[in-house]
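Written out below as structure tokens is the structure these notes cover.
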Number of protein chains: 2
Amino acid sequence: MAECEELVLKFKRHGYKMTPQRRAILEALILSTPEHPTAEQIHEAVLQRMPDTSLATVYNTLRELVAVHEVHELDLGQGVRRYEIVQHEHAHLVCINCQCVRDLSADFSKLRDLLRQHNGFHPVRYDVIVYGYCDECLESGRVEAWGAGRG
Amino acid sequence: MAECEELVLKFKRHGYKMTPQRRAILEALILSTPEHPTAEQIHEAVLQRMPDTSLATVYNTLRELVAVHEVHELDLGQGVRRYEIVQHEHAHLVCINCQCVRDLSADFSKLRDLLRQHNGFHPVRYDVIVYGYCDECLESGRVEAWGAGRG
DNA sequence: CTCACTGCAAACTATTTGCATCGTA
DNA sequence: TACGATGCAAATAGTTTGCAGTGAG
């Protein structure tokens with residue numbers, strides 16, 4: 001897995017030591033990035049290879065990866081943070097029924113233009129989240145009151 | 001405050017009883033919406049008029065307001081939820097230094113178009129967050145390493 | 001007069017931290 | 001070998017919940 005070695009090198013380049021736990025965390029992260037895993041989910045994946053790894057180590061490593069801008073921490077309004085390897089610009093589609101998360105390629109040029117005009121704020125990062133229902137939920141009838149909208 | 005009576009009526013219309021605590025919460029929410037207050041901040045404001053109001057009541061009322069779509073709950077990646085009265089479509093500008101939050105009027109038509117093409121997801125709500133630095137922070141020199149970006 | 005709402009305190013959940021031990025560079 | 005990384009358990013912070021008493025409709 002070339003992608004993994006790349007990430008390992010980047011990590012070392014920042015002065016961090018490479019341990020088996022950290023390598024397992026990086027691998028789990030790469031393999032599960034499309035699912036936008038939580039720290040817990042990464043921990044579960046890591047446990048299969050390194051049964052004694054603690055959740056605290058996962059959190060610590062993730063914090064370091066975020067600090068060196070190799071990983072994005074996502075707050076998608078679910079009360080849990082999710083993580084993804086830094087990649088091309090995209091929006092997140094969050095299903096408010098099954099909580100799954102998908103990517104949607106999109107460029108934020110219009111938003112950037114708007115901010116360029118609107119003096120007074122200096123953007124660093126964009127987070128575009130769309131809440132709604134995924135097809136799987138709608139088709140399987142798991143969403144009851146879809147369309148009614150009464151609380 | 002006409003806006004407040006309107007909200008009170010909407011709230012009653014959903015079958016909820018109106019209590020002095022709830023009225024104070026609605027008023028605090030209307031007055032402080034531009035600041036995108038947290039539950040704590042709303043609680044503090046409410047305490048000035050109703051000194052015995054509990055934080056739990058604030059949370060409960062906010063949950064109900066969110067359920068009937070009168071209020072939006074915002075998760076801006078700060079570890080706290082913020083609240084705002086539902087209003088016109090806009091993006092949020094979040095200062096990663098002082099944590100202040102501003103609105104930016106913007107329409108999400110391009111994003112909607114993109115989603116219409118991209119079958120497989122049924123949008124309900126859009127959340128556009130821009131993280132960066134506000135002018136106040138940059139001008140006052142409160143941001144040290146601005147531009148360097150080294151962790 | 002009833003049942004939804006309240007305050008309080010305890011529970012919960014996600015995340016962080018302190019500390020003694022371990023292992024990479 | 002030295003010092004950063006680890007596991008564990010305890011601490012923290014935001015939010016939710018259970019319960020007995022209160023008050024809006």
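All chains are named by letter (A, B, ...) in the order of the sequence lines, taking the proteins before the strands, and each is independently numbered beginning at 1.
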Show which side-chain atoms of residues 45-55 of chain A pair as donor or acceptor with protein atoms under 3.5 Å away, not counting sequence neighbours.
| unit_1 | atom_1 | unit_2 | atom_2 | d |
| --- | --- | --- | --- | --- |
| A:Thr53 | OG1 | A:Met50 | O | 2.9 |
| A:Ser54 | OG | A:Ala56 | N | 3.4 |
| A:Ser54 | OG | A:Thr57 | N | 3.2 |
| A:Ser54 | OG | A:Thr57 | OG1 | 3.3 |

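- Members clustered with B:Val80: none, using a 4.5 Å side-chain heavy-atom cutoff among hydrophobic residues.
- A 4.5 Å side-chain heavy-atom check between A:Leu7 and A:Ile30 finds at least one atom pair inside the cut-off.
- By the ring-ring contact (aromatic ring centres under 6.0 Å, His included) test, B:His118 is found to be paired with no residue, residues two or more places apart in sequence or in another chain being considered.
- The overall bend of the helix from C:dC1-D:dG25 to C:dA25-D:dT1, read as the angle between its terminal helix axes built from five base pairs each, is 40° when rounded to 10 degrees.
- Every residue two or more places apart in sequence or in another chain was checked for a ring-ring contact (aromatic ring centres under 6.0 Å, His included) with A:His43, and none qualifies.
- Residues satisfying the side-chain hydrogen bond (donor to acceptor under 3.5 Å, both in side chains) criterion with A:Thr33, sequence neighbours excluded, are absent altogether.
- Every ring-ring contact (aromatic ring centres under 6.0 Å, His included) that B:Phe11 has, sequence neighbours left out, goes to B:Tyr16.
- Between the CZ atom of A:Arg22 and the P atom of D:dG7 there is a distance of 11 Å, rounded to whole Å.
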Subject >> Per-nucleotide protein contact string for nucleotides 15-25 of chain D (B base, S sugar-phosphate only, - none; heavy atom under 4.0 Å) >> reply: BBB-----BBS
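- For A:Glu44, there are no salt bridge (Lys or Arg N to Asp or Glu O under 4.0 Å) partners, not counting sequence neighbours.
- Shown here are the ring-ring contact (aromatic ring centres under 6.0 Å, His included) partners of B:Tyr59, two or more places apart in sequence or in another chain: there are none.
- For residues 58-67 of chain B, the salt bridge (charged side-chain N to carboxylate O under 4.0 Å, His left out) pairs, not counting sequence neighbours, are B:Arg22-B:Glu64.
- Taking 4.0 Å as the cutoff to heavy atoms of chain A, we find the contact window on DNA chain C bounded by C:dA14 to C:dA25.
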